[in-house]
Amino acid sequence: QVQLVESGGGLVQTGGSLRLSCAASGRTISRYTMGWFRQAPGKEREFVARILYSSTYTNYADSVKGRFTISRDNAKNTVYLQMSSLKPEDTALYYCAAAFAGGEYNYWGQGTQVTVSS
């Protein structure tokens, strides 16, 4: 079992920055693809970013390309999402998730709220 705890959310103004953290316990994340997802009220949960277990390859949703950066520190068992140039449309509950060896996302955190004011 992998337990994930997100932190770093908060209230920021348009154009501001935040760094989200996802701390894992129970297992090391070195063999897990790690992803970030978000869900706004009344909308479906959507993919934001991922970083593969086997390399530093990353993938981003079109809506956040050039603004968000996902990274991992296996020594700290932590994944990060650096967000810049934030927009009101980025307001959502952000979740991190883990997929063993690139499989399905079976482990999810409880989420951290990001609110971007206009």
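What you are looking at is a predicted structure, and each value in this text was computed from that prediction instead of being measured. When reading the values below, keep in mind they use all heavy atoms of this one structure, side chains included, and skip hydrogens, waters and symmetry mates. Sequence positions, counted from 1, serve as the residue numbers for this chain.
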State the CD-SG distance between Glu6 and Cys22, to the nearest 0.5 angstrom.
5.5 Å
Any side-chain heavy-atom pair from Val114 and Thr91 closer than 4.5 angstrom?
no
Could you tell me which non-hydrogen atom of Ala92 sits nearest to which non-hydrogen atom of Ala40, and how far apart they are?
CB-N, 3.9 Å
Should Val64 and Val12 be counted in the same cluster of Ile, Leu, Val, Met, Phe, Trp and Tyr side chains packed under 4.5 Å apart?
yes
Taking atom CZ of Arg27 as the centre, report whether more than 12 heavy atoms of other residues, nucleotides or ligands fall under 6.0 Å from it.
no
Quick check for you: to the nearest 0.5 Å, what is the distance between Met34 atom CE and Thr58 atom OG1?
14.5 Å
Below 4.5 Å, heavy atoms only, C-beta onward: do Leu20 and Trp36 meet side chain to side chain?
yes
Over all heavy atoms of both residues, which pair between Ser21 and Thr78 is shortest? Give the atoms and the distance, please.
CB-CG2, 4.3 Å
For a 4.5 angstrom cut-off between non-hydrogen side-chain atoms, does Val79 reach Ile70?
yes
Test item: Asn77 and Ser25 side chains (from C-beta on) under 4.5 Å apart, heavy atoms:
no
Hey, does Leu81 have a side-chain heavy atom less than 4.5 Å from the side chain of Thr69?
no
Between atom CZ of Arg67 and atom OG of Ser85, what is the distance when rounded to the nearest 0.5 Å?
7.0 Å
Run through the side-chain heavy atoms of Ile, Leu, Val, Met, Phe, Trp and Tyr, join any pair under 4.5 Å, and report what else lands in Leu52's cluster.
Tyr57
Per the side-chain contact (heavy atoms from CB on, under 4.5 Å) rule, which among Glu89, Lys87, Arg38 passes with Ser63?
Arg38
Gln82 vs Ser17 side-chain heavy atoms within contact, under 4.5 Å
yes
Separation of Thr115 OG1 from Asp90 CG (nearest 0.5 Å)
11.0 Å
Partner set under ring-ring contact (aromatic ring centres under 6.0 Å, His included) for Tyr105, not counting sequence neighbours
Phe37
Examine Leu4 and Tyr80 and state if one hydrophobic cluster contains both, with Ile, Leu, Val, Met, Phe, Trp and Tyr joined whenever side-chain heavy atoms are less than 4.5 Å apart.
no
Test: disulfide bond (SG atoms under 2.5 Å apart). Region: residues 47-85. Which pairs qualify, not counting sequence neighbours?
none
Just wondering, do Tyr60 and Arg50 contact through their side chains at under 4.5 Å, heavy atoms?
no
Chi angles and distances behind the side-chain contact (heavy atoms from CB on, under 4.5 Å) call for Ser30, Asn74
CA-CA 6 Å; Ser30 61; Asn74 288 339; 4.0 Å; yes
Using every non-hydrogen atom in the two residues, find where Val2 and Ala24 come nearest and quote the distance to one decimal.
CG1-CB, 4.3 Å
Are the side chains of Leu86 and Phe68 in touch, meaning some heavy atoms are under 4.5 Å apart?
yes
So, the side chain of Gln39 versus the backbone of Glu44: is there a donor-acceptor pair under 3.5 Å, distance only?
no
Check against side-chain contact (heavy atoms from CB on, under 4.5 Å), Tyr53 and Ile29:
CA-CA 8 Å; Tyr53 71 96; Ile29 63 169; over 6 Å; no
Do other residues, nucleotides or ligands put more than 12 heavy atoms under 6.0 Å from Gln3 CD?
yes
Taking the cut-offs as 6.0 angstrom to the six-membered ring centre and 45 degrees off its axis, would you call Arg45 and Tyr95 a cation-pi pair?
yes
